[in-house]
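Since the model is a prediction, treat every value here as computed from it, not as a measurement.
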Amino acid sequence: MMKLLCGSLLVALLAAGDFDYASAGRIAIQHRGRVKPLDSFAREFLQRVTGSASFRGYRDPETGRRAEVFRHREPVAAILHLVAQPQTFRTLRFIRVDHPEMKKAYGLPIDRVFFSIGDFEPARGRLEAERRRIDPDEATSAQRAVLELVEKQHAVQLVMEEQILSIVPIPFGGELHAWMTPTDVKLYLSGAHPTDPRFQSVKMALDAFIAAEPGKEAKLRELVGAYERMKEALVENRAAAFNEAVIELSALLKTINSGEVPSDAEIERELWYNSFHPFGWASAVFFLAALLFIGSYVFGSRALWGAALAIHVLAMGLTAYGYGLRWLIADRYPLANHYESMIAVAFGAALISLIAELILRKHAFGLSGATVACLMIVLGNTVPAFASQAAISTIMPALQTFWMTIHVPVILTGYAGGAIIWVLGHVYLFSYLFRKESPDKQAALESLDGVMYRALQVTVLFLLAGIILGAVWAGEAWGRPWGWDMKEVWALITFLAYLAMLHGRFTGYVRGLGTALGSLGAFALLVLCYYGVNFLFGKGLHTYGFGSGEVFPLVVFFAAEAALAVAAALAWMKRRPPVPPELIRE
């Protein structure tokens, strides 16, 4: 009864003039070696090009008005409109460029974020020449920004020219096993003579495909016809005709070569992952857990502490659920890029803090773990440099090894421990600066010092284990355990910083305020290792995680941390007791 009611409601909505973009989003497409729903491709494309998977428009800095680019929030609608009306979008600005150095170098307005294909015409030749000159393995952050911009332009052009919508499940190209586009099939059916290697491969594959079952040619013609009617209906704003063409096209694509098409269950699983946003929900629940941990820490409430633990476990469950979905969809261990590593750091921090809370019951551990987990997921989903890597992709051969499933989680757990100490250090410093002097304050600071010490031990242990495991992997993959690669060097520097803090704690020279200040300095090195090497320095063998980053936000962050450290140092100098006269030498 419920299914019948929902079906009747859907029919009524579609009859009222709604475009059925959901059905279009279920069409399978092959892109970058992976078969996925068109909905996933559309989200990845918009995220990469515009910085948002549901991009519609933006506020224009020149006019102060909102510039509307895509009329619908559905990512599939944006892709189909780009395909059906390419000329309309050549002058519309939706290609996002953030890197200030690159904009300045190519004469682009610094205050503008979005640009059109036409805006790049004066600099197109220079950009292409620079792209050919750049070595991706040795590229600087600004050079990677050039590579990314050229890639964005190229992707937009391919969509507009219908060269990237590989939705026809007929493989060609030998080992590449690539699918065809409707344009490929349309060109073949026109009887055109092959003029390039790609079309030669397409023609050979279609000749063999039709020869095996002659009736397939008629289905191919029906398929092309449905595809063209879908585009025409979209341009003419005829929802009923569009929906009818989509249903016909979907059915033909599933039956034309059914052995190549994923099952409905696989498509629905990925669509659920796209619509549910498990990591987004997890970040919100982690934030709630952090608030409850703050309450339990400030008021010493066991009820709030218990509620915080329960919410924290729920957030971990959501994270694990999203991670498991991603694992099933990708058919690999999800640690192939920076985005996936950020989710792993979030889960690692949450797990460490949960275990520590259950054992030590210090409240501050849970607060720090929930805060780190929330921050990592929010940054991963909102910062364009990170979110652009959120697409589920195939994994490069160098990472298809047993060692990745050991080395990477261990070293990332070390990073999670460093982030936990960083949060604990801030709690200590803010308490030191703003709480009134009292026995309770001193007891709280001593308790925090003990918590930081435990977190420091875990961090040093996992960083050391991660470096050793990485050396073993490097020996297997590159024939040497250590080669002073930039990532290796910064990992060693970071480890030595935390080891120095631990040594100072053992010897009694660094305690309390010193540990808190040290947590800020060591975390700055950790940021340079984790973010700087991948997004700013960009050199070395660990190229799989590289991206284009910006220096300015990092400078602001380091300046704020330095200001907090200076304020704490000045407060300490002001509060420290005077030296007794008998100890002052003449």
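Aromatic ring pairs are classed by plane angle as parallel below 30°, tilted from 30° to 60° and perpendicular above 60°; the pair Tyr323 and Trp327 is perpendicular. Taking the six-membered ring for Trp and thresholds of 30 and 60 degrees, Phe276 and Trp272 have nearly parallel ring planes, at less than 30 degrees apart. Classification of the Phe115-Phe120 ring pair by plane angle, with boundaries at 30° and 60°, yields tilted.
Residues Tyr530 and Ser341 have side chains that bring a donor and an acceptor to within less than 3.5 angstrom of each other.
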side-chain contact (heavy atoms from CB on, under 4.5 Å) for Arg93 and Val113? Distances and angles first, verdict last.
CA-CA 9 Å; Arg93 290 168 170 158; Val113 177; over 6 Å; no
Give the intermediate values and the outcome of side-chain contact (heavy atoms from CB on, under 4.5 Å) for residues Leu456 and Met452.
CA-CA 6 Å; Leu456 186 58; Met452 287 191 292; over 6 Å; no
Can you check side-chain contact (heavy atoms from CB on, under 4.5 Å) on Arg505 and Gln457, steps first, answer last?
CA-CA 10 Å; Arg505 187 68 168 66; Gln457 289 177 310; over 6 Å; no
One pair to check against ring pair (Phe, Tyr, Trp, His ring centres under 6.0 Å): Phe55 and Phe114. What are the steps and the verdict?
CA-CA 12 Å; Phe55 181 83; Phe114 294 99; 5.1 Å; yes
The test is side-chain contact (heavy atoms from CB on, under 4.5 Å); show your working for Asp440 and Arg435 and say whether it passes.
CA-CA 10 Å; Asp440 289 342; Arg435 284 186 67 174; 4.2 Å; yes
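Atom CZ in Arg480 sits 9.0 Å away from atom CH2 in Trp482 (nearest 0.5 Å). Atom CG of Leu564 is separated from atom CG of Leu429 by 5.0 Å, given to the nearest 0.5 angstrom. Note that OH of Tyr432 and CG of Leu445 are 8.5 Å apart. Values are rounded to the nearest 0.5 Å. Atom NE2 of His426 is separated from atom CG of Leu520 by 4.5 Å, given to the nearest 0.5 angstrom. Atoms CG and CD1, from Leu360 and Ile355 in turn, are 11.0 Å apart once rounded to the nearest 0.5 Å. Atom CG of Leu46 sits about 13.0 Å away from atom CZ of Arg96, to the nearest 0.5 Å.
Under the 3.5 Å distance criterion, the side-chain polar atoms of Arg59 are matched with a main-chain donor or acceptor of Gly64. Side chain of Gln389 to backbone of His338: a donor-acceptor contact under 3.5 angstrom is found. Between the side chain of Glu44 and the backbone N or O of Ala391 there is no donor-acceptor pair closer than 3.5 Å. A donor-acceptor pair under 3.5 Å is formed between the side chain of Arg332 and the backbone N or O of Ser393. Glu68 places no side-chain N or O within 3.5 Å of a backbone atom of Gly57 that could act as its donor or acceptor partner. A donor-acceptor pair under 3.5 Å links the side-chain atoms of Ser296 to the main chain of Phe293, judged by distance alone. Between the side chain of Glu340 and the main chain of Ala336, a donor-acceptor pair closer than 3.5 Å is present. In this structure a side-chain-to-backbone donor-acceptor pair under 3.5 Å is missing from Arg48 to Lys152. Using a distance-only test at 3.5 Å, with no hydrogens or angles considered, a donor-acceptor pair links the side chain of Glu488 to the main chain of Trp484. Checked by atom type and distance alone, the side chain of His312 pairs as donor or acceptor with a backbone atom of Ala350 at under 3.5 Å.
Side-chain contact between Gln143 and Glu130: present, with at least one pair of heavy atoms (C-beta onward) separated by less than 4.5 Å. Taking the side chain as every heavy atom from C-beta outward, Cys529 and Tyr415 approach each other to under 4.5 Å. Considering only heavy atoms from C-beta on, Thr50 stays 4.5 Å or farther from Val69 through its side chain. Counting only heavy atoms from C-beta outward, the side chains of Val427 and Ser431 approach each other to under 4.5 Å. Put simply, the side chain of His99 does not reach to within 4.5 Å of the side chain of Arg144, judged on heavy atoms. Contact of the Asn381 side chain with the His277 side chain is not registered, since no non-hydrogen atoms from C-beta on lie closer than 4.5 Å. Using a 4.5 Å cut-off on side-chain heavy atoms (C-beta onward), Tyr339 and Phe279 make contact. Within the 4.5 Å cutoff, side-chain heavy atoms of Asn534 are placed close to those of Lys487.
Looking at every heavy atom in both residues, Ser283 comes nearest to Ile377 through CB-CG2, 3.7 Å. Heavy atoms only, all atoms of each residue included: Ser40 and Asn274 are closest at OG-ND2, 2.8 Å. Here the closest heavy-atom approach between residue Gly425 and residue Ala516 is recorded as O-CB, 3.8 Å. Nearest heavy-atom pair across Tyr428 and Leu513 is OH-N, 3.3 Å. When all heavy atoms of Ala344 and Leu412 are compared, the closest pair comes out as CB-CD1, 3.8 Å. Contact between Ala416 and Val345 at its shortest, heavy atoms only, is CB-O, 3.6 Å.
In the displayed structure, Arg66 atom CZ is contacted under 6.0 Å by more than 12 heavy atoms of other residues, nucleotides or ligands. Other residues, nucleotides and ligands contribute only 12 or fewer heavy atoms inside 6.0 Å of the NZ atom of Lys104.
A search for ring pair (Phe, Tyr, Trp, His ring centres under 6.0 Å) contacts involving Phe287 returns nothing, not counting sequence neighbours.
Residue pairs meeting the ring pair (Phe, Tyr, Trp, His ring centres under 6.0 Å) criterion with at least one partner in residues 496-527, sequence neighbours excluded, are Trp422-Phe523.
Between Lys103 and Asp98, no side-chain nitrogen of the basic residue sits less than 4.0 Å from a carboxylate oxygen of the acidic one, so the salt-bridge criterion is not met.
Annotation: cation-pi geometry not satisfied between Lys362 and Tyr297 (NZ/CZ under 6.0 angstrom from ring centroid, within 45° of ring axis).
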